[in-house]
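All of these numbers come straight from a predicted model, not from anything done at the bench. Counting starts at 1 for both ligands and their atoms, in listed order.
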Amino acid sequence: MTQLYHAGKGQITDEIRKVAEYEGIDVQKLTKRVAKGHVVIPSNKNRNTKPCGVGRGLSTKINANLGSSPELENVQLEVKKAKIAVEYGADAVMDLSTGPKFREVRKAVMEATNIPIGTVPIYQAGITASQMKDAVVNMDADDMFRAIEEQALEGVDFMTVHSGITLDTVEKVKRSERIMGVVSRGGAFLTAWILHNQEENPLYKNYDYLLEIAREHDVTLSLGDGLRPGCLADASDIPQIGELLILGDLVKRAREADVQVMVEGPGHVPLNQVEANMQIQKTVCKGAPFYVLGPIVTDLAPGYDHITSAIGGALAARAGADFLCYVTPAEHLSIPGLQDVKEGVVASKIAAQAADVANGLESAWAKEMEMASARKNFDWEKQYQLSFDAEKARKCRERKPTPESDMCTMCGEFCALRMVRDNI
Ligand SMILES: C[C@H]1O[C@@H](n2cnc3c(N)ncnc32)[C@H](O)[C@@H]1O
Ligand SMILES: Cc1ncc(COP(=O)(O)O)c(N)n1
Ligand code: MET
Ligand code: SF4
Ligand SMILES: [Zn+2]
């Protein structure tokens with residue numbers, strides 16, 4: 001049985017208790033939110049996952065993507081990425097491996113961490129079909145469900161399923177004036193599959209079967225945004241919104257089956273459309289947790305897309321997004337390396353904290369107050385300890401050293417803080 005099932009019966013699970021404690025909120029209140037599907041706790045029964053709540057009223061969570069590609073596969077490197085992500089405060093990781101050793105990577109990453117882990121099982125189905133049947137589009141429904149079941153049994157906590165890509169939504173893309181077409185990888189696998197086979201998406205057609213598997217192992221479904229915009233001009237268009245309407249219906253069906261569900265969101269969105277996108281998702285999907293990639297608010301900064309995403313992410317989380325999927329400086333350019341993972345996590349943490357403060361979260365405010373005191377008191381160690389990247393902060397100070405502890409080399413003897421502190 002699932003967290004949603006227990007919460008619906010008013011039962012307080014260990015996971016609910018731990019999340020309430022971590023968030024500093026009333027356990028009864030949290031149980032109600034889980035029962036309604038406004039909060040999910042991705043925690044597969046087959047894995048000993050550290051409980052992490054995602055959704056209404058909780059602190060904003062962040063996810064780090066990692067995994068191999070056909071171009072670069074090194075199991076130990078992916079383990080290192082997972083460890084760095086955890087070290088810098090990622091709340092979850094997704095293994096998005098598409099290299100031939102995807103099973104080995106997944107196993108190693110799952111062993112190296114205990115935070116929730118997510119995957120996109122259609123990748124496994126597609127890679128396997130491309131190896132055994134010559135092409136991704138030659139996978140069949142059994143291949144898709146076999147991948148889902150295998151990963152559910154292994155203990156994957158949340159899975160992206162692109163069930164909103166249908167014959168109808170593909171038709172909408174064809175008729176649209178989209179510039180970028182389909183940029184989601186899972187979305188592209190399924191769009192290509194539908195076009196080739198002229199059949200309905202098995203993840204939509206056999207959604208009830210998918211729900212059965214998810215319910216049995218308590219896998220949280222993350223309804224994929226297969227038609228998310230890939231450039232600013234495509235944001236909020238008919239294919240994107242058409243898919244979202246289907247996801248709204250699928251949220252309802254998941255909840256009726258006691259399956260925990262969240263919804264994935266756009267992509268590339270101009271800043272002035274971010275808030276509306278959050279509001280539409282929250283209404284259409286009846287308060288389901290919203291898991292957003294970025295949003296990336298300008299396309300002109302390859303190499304700095306952790307920043308374009310943190311800007312969008314802060315506004316999104318302020319307007320209702322619950323879970324930020326990080327974007328690294330390598331986005332649109334290459335598979336991320338260790339430094340990219342670190343910078344992606346830090347940028348997302350900044351966005352999440354900015355939103356949590358604006359949303360009035362007490363724990364977020366408490367940390368800001370501590371930092372204010374540490375700054376005022378020139379307590380450098382405390383400042384490093386409170387910062388998202390202690391090492392970088394320390395290096396910055398030590399790069400331009402001064403023997404004086406109550407100033408820095410920015411103003412030197414004209415330090416503003418020092419000049420008035422005793423008289424105000
Ligand atoms: C949906 C998002 O998933 C990310 N993505 C896809 N594959 C990988 C990988 N191997 N490593 C890290 N991120 C990946 C990209 O950032 C994309 O935008
Ligand atoms: C927020 C979010 N959106 C989408 C994906 C999956 O990637 P894709 O859709 O490209 O397969 C993801 N991992 N996270
Ligand atoms: C086409 S590049 C791969 C993913 C892309 N960055 C996206 O948002 O959606
Ligand atoms: S450009 Fe790169 S990141 Fe974008 S879809 Fe192609 S391979 Fe993936
Ligand atoms: Zn992109």
K.L.:
Is it true that the side chains of E343 and Q339 contain a donor and an acceptor less than 3.5 Å apart?
P.N.:
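A donor-acceptor contact under 3.5 Å links the two side chains.
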
K.L.:
Would you mind checking which non-hydrogen protein atom is closest to atom 3 (S) of ligand 4, with the distance to 0.1 Å?
P.N.:
H332 CA, 4.7 Å

K.L.:
So, E87 and K349, do they make that salt bridge, N to O below 4.0 Å?
P.N.:
no

K.L.:
Could you tell me whether E171 and K174 have a side-chain N and a carboxylate O separated by less than 4.0 Å?
P.N.:
yes

K.L.:
If we check side-chain contact (heavy atoms from CB on, under 4.5 Å) with Q3, which of these qualifies: D218, V19, D258?
P.N.:
D218

K.L.:
Tell me whether the centres of the aromatic rings in F323 and F290 are closer together than 6.0 Å.
P.N.:
no

K.L.:
Compile the protein residues with any heavy atom at a distance under 4.0 Å from an atom of ligand 3; present them by chain, then by number.
P.N.:
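The answer is V183, R228, H268, L293, E331, H332, counting any residue whose heavy atom sits under 4.0 Å from ligand 3.
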
K.L.:
Can you produce the list of protein nitrogen or oxygen atoms under 3.5 Å from a nitrogen or oxygen of ligand 1, alongside each distance?
P.N.:
residue	atom	partner	partner atom	Å
ligand 1	3 (O)	N65	ND2	3.3
ligand 1	7 (N)	R185	NH1	3.4
ligand 1	7 (N)	R185	NH2	3.1
ligand 1	10 (N)	G67	O	2.9
ligand 1	16 (O)	E331	OE1	2.4
ligand 1	16 (O)	E331	OE2	3.2
ligand 1	18 (O)	E331	OE2	2.5

K.L.:
Where is the nearest protein heavy atom to atom 5 (S) of ligand 4: which residue, which atom, and how far?
P.N.:
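Here the closest protein heavy atom is V183 O, 4.8 Å.
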
K.L.:
Whether D168 and K172 form a salt bridge (side-chain N of Lys/Arg under 4.0 Å from carboxylate O of Asp/Glu) is what I want to check.
P.N.:
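So K172 pairs with D168 through a salt bridge.
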
K.L.:
Looking at K367 and E362, is there a salt bridge between them, counting it only when a charged N and a carboxylate O are closer than 4.0 Å?
P.N.:
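K367 and E362: not salt-bridged.
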
K.L.:
Charged N to carboxylate O below 4.0 Å: is that the case for K282 and D322?
P.N.:
yes

K.L.:
Under a 4.0 Å threshold between the charged nitrogen and the carboxylate oxygen, would E150 count as salt-bridged to R103?
P.N.:
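Here R103 pairs with E150 in a salt bridge, since their nearest N and O are under 4.0 Å apart.
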
K.L.:
Do the charged groups of D26 and K29 touch, with an N to O distance under 4.0 Å?
P.N.:
no

